[in-house]
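Have a look at the structure below, then the notes.
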Amino acid sequence: MSTAAPQDNPLLGVAAIVGAVTALSLGDALIKSLGSDLPLFQLFALRFLPIALVLAGFLRLRRPGVRLLPRAPGWAMLRSLLLTIMWAVYYLALYQMELSLAAAIYYTAPLFILLFAGPILGERPSALAWAAVALGFCGVLVLLRPGGGAFGWAALLPFVSSVTYALAMVITRKHCQGEDPAAVALHLHLVFVGFGVLGALLWPLVSPDAVVWVPVGPREAVAVAALALAALIGSVLAVVAYQVAPAGLVAPFDYAYLVCATLWGVIFFAERLEALALLGMAMIALGGILATRANRS
């Protein structure tokens with residue numbers, strides 16, 4: 001007896017990805033609002049531990065026979081370390097610059113994926129791919145206007161995040177395709193927690209005056225719970241989106257994150273973007289969408 005393949009649901013897919021980026025952008029706005037209230041290492045340990053526990057419980061109850069140790073542990077660890085750097089540097093960027101600007105620069109990641117796909121995966125970018133890269137980086141120049149007030153060392157931080165994310169995704173494609181997604185996610189979040197705990201223990205040896213752990217009051221506890229919930233909702237909805245709708249339809253709506261980040265910046269931090277900055281963000285988004293399409297063609 002054959003089982004009918006599930007039908008695509010484009011409306012649900014679009015709604016899910018928009019819900020995902022809304023939740024994730026709210027989480028990033030909350031991180032920015034926390035500022036230095038929670039040190040970076042403590043933030044990693046507290047935010048990602050609940051997610052790791054949920055993933056471990058899911059694998060134990062729903063997939064008891066799944067392989068938890070990656071088949072390629074070295075590549076899996078490199079991927080996790082790159083994503084750890086990505087999040088740590090992006091958090092630092094949120095502390096230093098406007099949410100909308102950090103988000104726009106970070107969303108150059110699809111352009112770097114295209115650039116890395118050639119030397120690492122042996123793929124040859126098409127003319128459309130090169131056009132996407134050119135458009136996206138022109139958008140960065142318009143957004144930041146080197147020599148203007150928006151450009152500074154902090155602007156380099158989201159670039160580092162986008163590069164490390166792109167490298168992690170290319171490594172995932174080349175070396176981690178056979179791994180169970182939930183097990184890879186568990187491995188990643190355990191590395192996140194380990195980074196937070198080890199950093200809190202070892203960083204005082206480097207900088208004795210550094211504050212790496214503070215008492216957690218009701219405000220911080222609620223904030224950490226909200227961060228974990230936002231990350232969990234965002235990740236689940238993103239999976240749903242790509243399961244129920246074609247990737248070519250879903251991927252462009254991922255850039256709704258930029259709209260959400262701009263909105264939260266205006267509402268929560270009184271950020272104001274000039275027309276040129278909005279034009280630059282639109283160019284980056286269009287370049288990223290073209291890059292995503294070129295990567296699938």
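Computed from a predicted model, the values in this text were never measured in an experiment.
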Tell me the closest heavy-atom pair linking [X] and [Y], and the distance in Å.
{"X": "Ala231", "Y": "Ile51", "result": "CB-CD1, 3.5 Å"}
{"X": "Ala261", "Y": "Ser25", "result": "N-CB, 4.3 Å"}
{"X": "Ala103", "Y": "Tyr257", "result": "CB-CE2, 3.3 Å"}
{"X": "Ala132", "Y": "Gly287", "result": "CB-O, 3.3 Å"}
{"X": "Val212", "Y": "Pro204", "result": "CG2-CG, 3.9 Å"}

Output the distance between atom [atom1] ([X]) and atom [atom2] ([Y]), rounded to the nearest 0.5 Å.
{"X": "Met97", "Y": "Leu92", "atom1": "CE", "atom2": "CG", "answer": "12.5 Å"}
{"X": "Thr262", "Y": "Glu271", "atom1": "OG1", "atom2": "CD", "answer": "8.0 Å"}
{"X": "Thr84", "Y": "Phe48", "atom1": "OG1", "atom2": "CZ", "answer": "8.0 Å"}
{"X": "Phe44", "Y": "Leu49", "atom1": "CZ", "atom2": "CG", "answer": "13.5 Å"}
{"X": "Ser161", "Y": "Ile105", "atom1": "OG", "atom2": "CD1", "answer": "10.0 Å"}
{"X": "Leu286", "Y": "Tyr255", "atom1": "CG", "atom2": "OH", "answer": "9.5 Å"}

Look at the side-chain heavy atoms of Ile, Leu, Val, Met, Phe, Trp and Tyr, link any pair under 4.5 Å apart, and say whether [X] and [Y] land in one connected group.
{"X": "Leu82", "Y": "Met86", "answer": "yes"}
{"X": "Tyr165", "Y": "Leu81", "answer": "no"}
{"X": "Leu83", "Y": "Val184", "answer": "no"}
{"X": "Val133", "Y": "Phe159", "answer": "yes"}

Taking the six-membered ring for Trp, are [X] and [Y] parallel (under 30°), tilted (30 to 60°) or perpendicular (over 60°)?
{"X": "Phe137", "Y": "Phe112", "result": "perpendicular"}
{"X": "Trp87", "Y": "Tyr90", "result": "perpendicular"}
{"X": "His175", "Y": "Trp75", "result": "parallel"}

Side-chain heavy-atom pair [X], [Y] within 4.5 angstrom cut-off:
{"X": "Asp37", "Y": "Arg219", "value": "yes"}
{"X": "Val206", "Y": "Leu202", "value": "no"}
{"X": "Ser33", "Y": "Leu30", "value": "yes"}
{"X": "Leu167", "Y": "Ile120", "value": "yes"}
{"X": "Val140", "Y": "Ile284", "value": "yes"}

Applying side-chain contact (heavy atoms from CB on, under 4.5 Å), run through Val224 and Val216 and close with a yes or a no.
CA-CA 10 Å; Val224 168; Val216 177; 5.7 Å; no

Results of side-chain hydrogen bond (donor to acceptor under 3.5 Å, both in side chains) for [X] - residues two or more places apart only:
{"X": "Gln42", "answer": "none"}
{"X": "Arg272", "answer": "none"}
{"X": "Gln96", "answer": "none"}

Considering residues, nucleotides and ligands other than Leu205, do more than 12 of their heavy atoms fall under 6.0 Å from its CG?
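Yes - once you tally the heavy atoms of other residues, nucleotides and ligands closer than 6.0 Å, there are more than 12.
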
I'd like to know whether CH2 of Trp203 has more than 12 heavy-atom contacts from other residues, nucleotides or ligands below 6.0 angstrom.
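Not more than 12 within 6.0 Å, no.
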
Does a donor on one side chain and an acceptor on the other come within less than 3.5 Å for Tyr91 and Asp28?
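No.
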
Steps toward side-chain contact (heavy atoms from CB on, under 4.5 Å) verdict (Ile31, Tyr95)
CA-CA 8 Å; Ile31 287 171; Tyr95 296 159; 4.0 Å; yes

Heavy-atom donor-acceptor pair, Thr108 side chain to Leu111 backbone, under 3.5 Å
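Side chain of Thr108 to backbone of Leu111, a donor-acceptor pair under 3.5 Å: no, none is there.
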
Exam field: side chain Lys32 to backbone Phe269, donor-acceptor pair closer than 3.5 Å
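Looks like no, no N/O pair under 3.5 Å.
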
May I have the step-by-step check of side-chain contact (heavy atoms from CB on, under 4.5 Å) for Trp213 and Leu46, ending in yes or no?
CA-CA 11 Å; Trp213 205 272; Leu46 296 182; 4.3 Å; yes

Identified side chain to side chain contact (heavy atoms under 4.5 Å, CB included) partner of Leu227 from the options Val222, Leu34, Leu232
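Filter result, single survivor: Leu34.
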
Apply side-chain contact (heavy atoms from CB on, under 4.5 Å) to Trp264 and Leu99, showing your working.
CA-CA 8 Å; Trp264 306 144; Leu99 174 61; 4.0 Å; yes

